[in-house]
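Everything below concerns the one structure shown next.
Proteins get letters first, then strands, A, B, ... in listed order; numbering begins at 1 in each. All values below were derived from every heavy atom in this structure, side-chain atoms included, with hydrogens, water molecules and symmetry-related copies excluded.
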Protein chains: 2
Amino acid sequence: MDDEPDQRPEGRASRRASKTRQRLLDAALYIFNTKGVEGCAIEDITESADVGKGTFYRHFMDKLDILRTLLDFAADDLIKRMPPESSPAISFDDRITQLIQAHLTFFTERSDLFLLFLQGQTMVATRPASLPGLHAPFARYIGAIETRIATSLPAPGLPDQKRQIASLLAAAACGPITVGLSISSSKHDVIKNLDLARQSLLAGVKQLLLK
Amino acid sequence: MDDEPDQRPEGRASRRASKTRQRLLDAALYIFNTKGVEGCAIEDITESADVGKGTFYRHFMDKLDILRTLLDFAADDLIKRMPPESSPAISFDDRITQLIQAHLTFFTERSDLFLLFLQGQTMVATRPASLPGLHAPFARYIGAIETRIATSLPAPGLPDQKRQIASLLAAAACGPITVGLSISSSKHDVIKNLDLARQSLLAGVKQLLLK
DNA sequence: AAGTTTGTTGACGATGTAGTCAGTAGCGAC
DNA sequence: GTCGCTACTGACTACATCGTCAACAAACTT
């Protein structure tokens, strides 16, 4: 994680505090990806961040709280890599390619964040009940894709068609990564498959829109 | 879970034992999908199965062991729904459709197994190190797809092309479900998206094979 | 420099959990 | 019936984990 120094947080004390907070976030990201979210103890995080245990509770309510924060951050990072919302209308093909490309650089540059993102996605998908408030970053993520394809859609489309295509794009981007890694493909193979998925998606969506 | 009574397990005693084992498997499946694999205690499982805690350890080594058993079972179930290995050579389109269809009925009829399968897939993908021996069912799953597309491939194809297409198919089948559920689409919407993914995949793979 | 506020600490009580094991119940053989 | 065997039980030990809190430290204020 590498935020800029935040906007003038007053003095040294509060600067130190945000540094501690950041260390906790970094440590949590690492531990979550190593031992799994539920499989890790708060003390694993504070140990790795080299702070006292009590400090954790000054910055976060509990494990779910810090997980939420990390997933929000991950979603932000991924969304920032997409073309700007107000970007000029380009061909549908190019827009799809841009969006997949955003996932690709996210995966290559911040695979730690992406892996947590995928972990969270599955957690929310399979047992939303026990994870209050965790669906928000994913809804934001799909929403971001939706608005970004809106301006490039060949036809106006039905109300929920945009959402459908956005979901499909997300699946085309996230699916190959999860599947590829689950059978221990190399990162390189995963990336190749992702490009394949892009082509596949493109062809498929065109077909959908023709009807 | 609903196995047939197993092949003649001798007398009533051992029949009672496999019934207990089955109750544990059923309970574990339920609990895993409710509280998450790592978030649940052995006693949650035995409690739900209404057996003593010690009984668990008579049938399974530990939590990872029963999880492995369940994932193996899930993979078997999914594979059984695919067309038989020795099935007649049909068109590539139809074969892809058959395979996606297998996922679809698996999802509609045994969503509990499929959700655990997806959970396991993500666990293995994001942190293989801490989960020894858990990748096997997923390798088996991809292998099953591979052999089933082999006979219908338009061209012989390169050695790892089959694997690539198999991964892509798996992604096209699993991705939309995970993404769909993560933004709390209805089961119906998820199924619709899955069909979209099938079309998309078909178009994309054809394009791949043309080159 | 003295006093106040803010951030950090780790020991602590309470609770949870894994895995064991001596004991019990049910079954099958004779 | 009774003996041996297998399946089952749940109290128990040993340890892990949570979240708190009184004490401490650093940074600000006057």
Interatomic distance where [atom1] belongs to [X] and [atom2] belongs to [N] [whole Å]:
X     : N      : atom1 : atom2 : answer
A/K53 : C/dG13 : NZ    : P     : 14 Å
B/L64 : C/dG19 : CG    : P     : 11 Å
B/Y57 : C/dA22 : OH    : C1'   : 18 Å
B/E38 : C/dG16 : CD    : C1'   : 17 Å
B/R15 : C/dC27 : CZ    : P     : 10 Å
A/D62 : C/dT15 : CG    : P     : 19 Å
B/K35 : C/dG16 : NZ    : P     : 11 Å
A/L24 : C/dG7  : CG    : P     : 14 Å

Has the side chain of B/K63 got a donor or acceptor that lies under 3.5 Å from a partner of the other kind on the base of C/dA18?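 Looking at the base of C/dA18, it does not pair with any donor or acceptor on the side chain of B/K63 (distance under 3.5 Å).
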Tell me whether the side-chain N/O atoms of [X] come closer than 4.0 Å to OP1 or OP2 in [N].
X     : N     : result
A/R16 : C/dG7 : no
A/T20 : C/dT8 : yes
A/R58 : C/dT8 : no
B/T55 : D/dA7 : no
B/H59 : D/dA7 : no

Measure the acute angle between the ring planes of A/H103 and A/Y141, then classify it against the limits of 30° and 60° as parallel, tilted or perpendicular.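 Answer is perpendicular, since the angle exceeds 60°.
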How are the rings of B/F117 and B/F106 set relative to one another: parallel (under 30°), tilted (30 to 60°) or perpendicular (over 60°)?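 The rings of B/F117 and B/F106 stand perpendicular, inter-plane angle above 60°.
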pair A/L196-B/Q164: side-chain heavy atoms closer than 4.5 Å: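 The answer is yes; the side chains approach within 4.5 Å.
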Flag the pair B/R23 and B/D50 as a salt bridge only when some basic side-chain nitrogen lies within less than 4.0 angstrom of an acidic carboxylate oxygen.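 Answer for the salt bridge query: no.
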For the pair A/R81 and A/D77, find out whether any cationic side-chain nitrogen is under 4.0 Å from an anionic carboxylate oxygen.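 Result for this pair is yes, salt bridge flagged.
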Going by number, which of residues 40-51 of chain B have a non-hydrogen atom under 4.0 Å from DNA chain D?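 The answer is B/V51.
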In this structure, are over 12 heavy atoms from other groups packed under 6.0 Å from A/K19 atom NZ?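 Atom NZ in A/K19 is not crowded, with 12 or fewer foreign heavy atoms closer than 6.0 Å.
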Heavy-atom neighbours of B/E47 CD exceed 12 at 6.0 Å: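 Counting other residues, nucleotides and ligands, CD of B/E47 stays at 12 neighbours or fewer.
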